[in-house]
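Quick caveat: nothing in here was measured; it's all calculated off a predicted structure.
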Amino acid sequence: MTTYVLSRNVKQGHKPGENPWSVSRMVALLVLAFLAATWLVPFVWAVLTSLKSEADAGASTISLNPPDGFSFDAYRKVLSAGDIPAWAWNSLLTSVAITFITVATSALAGYAFSRIEFRGRRWLYAAIIAAIIIPPQLLIVPLFRQMLAFDLVDTYWGIILPQAFAPAMVLILKRFFDQIPVELEDAARVDGANRLRVFWSIVLPLSRPILAAVAIFVFIGAWNNFLWPFIVTTDADLMTLPVGLQTVKSAYGLQYAQNMASAILAALPLVLVFLFFQRQIIKGIATTGFGGQ
């Protein structure tokens, strides 16, 4: 029974007459397995280091089984030294707001570039591409001066607004909208639907995979962003998790176990997001050409 189910699943994933165990396919699987293991090694090493004592973590000899054993002392010290729940809430609040605004504005802009001919469209499209090319670090000083002018320093909006627009996502969504048959929209317009109704009732339901993928990628980027929240906030009550964890430092030099524990605590929500939404991420990549198609 097990052999039958396995062979049936293998056949379902391949074209008729195609050998699922060809040499090229096996080589590709081995290369992918090697790359996956290479990616996992640093993460596993960080987890093991965070579970060691500071003496074992800083020892000159490397050991997977530390002499003092594994413990959660590093996590307890990190959690007791800072306001982790408040920082996590700030990260969640700002990341969700950034994701919502980015997806909404990028979807509207991408649909406009895909379907509407308007004056200045070519120049505006060129500006979108230029915004992708410009390194974001070059915009930090003018953005900070702008936040000062609008009195948004040390506010949630000061963290959210400069991150709430992603030109790359506009291009990705435009590419997806280009693949939607125009005949579907023409039929709706013949029935009396206006442009906004067509976008809301036809285009968006067909775009759920790419919207989910874009939302997840934007959320991950907003959660991991350290530089801008670090610059625009000085109030400890408004710090995001990556910024707040950097303030948890010991006066006795570099503490490897605590640093790794901080990194794991910051990355844990993203790991959970990927585990719960990995199907949407993979589907979005396959649909939109994130993988270079």
Side-chain angles (χ1 to χ4, degrees), residues 94-150 152 156-190 193-222 224-225 227-229 231-232 284-293:
T94 56
S95 299
V96 169
I98 291 168
T99 301
F100 178 80
I101 297 174
T102 301
V103 172
T105 56
S106 299
L108 290 170
Y111 181 73
F113 282 119
S114 177
R115 291 292 193 264
I116 303 175
E117 292 290 339
F118 54 90
R119 181 176 298 179
R121 177 178 180 272
R122 182 176 299 177
W123 292 104
L124 188 57
Y125 193 72
I128 295 291
I129 297 177
I132 299 175
I133 298 174
I134 297 175
Q137 291 81 5
L138 295 179
L139 303 176
I140 288 178
V141 174
L143 279 176
F144 185 76
R145 291 173 64 90
Q146 191 174 22
M147 294 300 105
L148 282 175
F150 287 104
L152 292 178
Y156 285 122
W157 286 114
I159 301 174
I160 294 169
L161 289 179
Q163 303 181 70
F165 304 96
M169 300 305 165
V170 175
L171 297 186
I172 291 170
L173 289 171
K174 176 192 178 298
R175 177 173 178 175
F176 182 88
F177 295 149
D178 289 340
Q179 300 173 1
I180 298 177
V182 181
E183 292 77 12
L184 295 176
E185 302 178 37
D186 292 340
R189 293 177 67 86
V190 169
N194 57 25
R195 180 74 70 178
L196 185 60
R197 180 62 182 273
V198 170
F199 175 73
W200 181 262
S201 301
I202 296 178
V203 176
L204 288 185
L206 294 175
S207 307
R208 288 175 182 172
I210 178 58
L211 292 176
V214 168
I216 292 170
F217 284 120
V218 172
F219 180 86
I220 291 174
N224 281 333
N225 194 354
L227 185 59
W228 178 249
I231 291 175
V232 80
I285 292 174
T287 303
T288 62
F290 267 125
Q293 297 179 355

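To the nearest 0.5 Å, atoms CZ (Phe177) and CG (Leu206) are separated by 10.0 Å. For the atom pair Ile134 CD1 and Ile129 CD1, the distance stands at 12.0 Å (nearest 0.5 Å). Put simply, CG on Asn225 and CD1 on Ile98 are 7.5 Å apart, with the number rounded to the nearest 0.5 Å. Atom CH2 of Trp157 sits about 9.5 Å away from atom CG of Leu152, to the nearest 0.5 Å. Taken from CD1 in Ile159 to CE in Met147, the straight-line distance is 11.5 Å, to the nearest 0.5 Å. Rounded to the nearest 0.5 angstrom, Thr99 OG1 and Ile220 CD1 are separated by 9.5 Å.
The aromatic rings of Tyr125 and Phe113 lie perpendicular to each other, with more than 60° between the two planes, well past the 30° mark.
Between the Arg197 side chain and the Ala188 main chain, no donor and acceptor come within less than 3.5 Å of each other. The backbone N or O of Ile160 lies less than 3.5 Å from no partner atom in the side chain of Trp228, so there is not a single donor-acceptor pair.
In this structure, Ile128 and Pro167 approach most closely via the heavy-atom pair O-CB, 3.6 Å. The minimum heavy-atom distance linking Val103 with Val214 is given by the pair CG2-CG1, 4.2 Å. Counting all heavy atoms, side chain and backbone alike, Ala109 lies closest to Val170 at CB-CG1, 3.9 Å. Scanning both residues, Val232 and Phe144, for their nearest heavy atoms gives CA-CE1, 4.4 Å. Heavy atoms only, all atoms of each residue included: Ile180 and Ser207 are closest at CD1-OG, 3.9 Å. Heavy atoms only, all atoms of each residue included: Ser114 and Asp178 are closest at OG-OD1, 2.5 Å.
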Check step by step if side-chain contact (heavy atoms from CB on, under 4.5 Å) holds for Leu211 and Phe176.
CA-CA 10 Å; Leu211 292 176; Phe176 182 88; over 6 Å; no
Start with the C-alpha gap between Tyr111 and Val198, add the side-chain angles, then the distance that decides, and say whether side-chain contact (heavy atoms from CB on, under 4.5 Å) holds.
CA-CA 11 Å; Tyr111 181 73; Val198 170; 4.0 Å; yes
Gln163 vs Thr102, side-chain contact (heavy atoms from CB on, under 4.5 Å): CA-CA, chis, key distance, verdict
CA-CA 8 Å; Gln163 303 181 70; Thr102 301; over 6 Å; no
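With sequence neighbours excluded, no residue satisfies salt bridge (Lys or Arg N to Asp or Glu O under 4.0 Å) with Asp186. Checked against side chain to side chain donor-acceptor pair (under 3.5 Å), Arg121 has no partners two or more places apart in sequence or in another chain.
A heavy-atom distance below 4.5 Å is not found between the side chains of Phe150 and Leu161. Side-chain contact check for Arg115 versus Val182: some heavy-atom pair is nearer than 4.5 Å.
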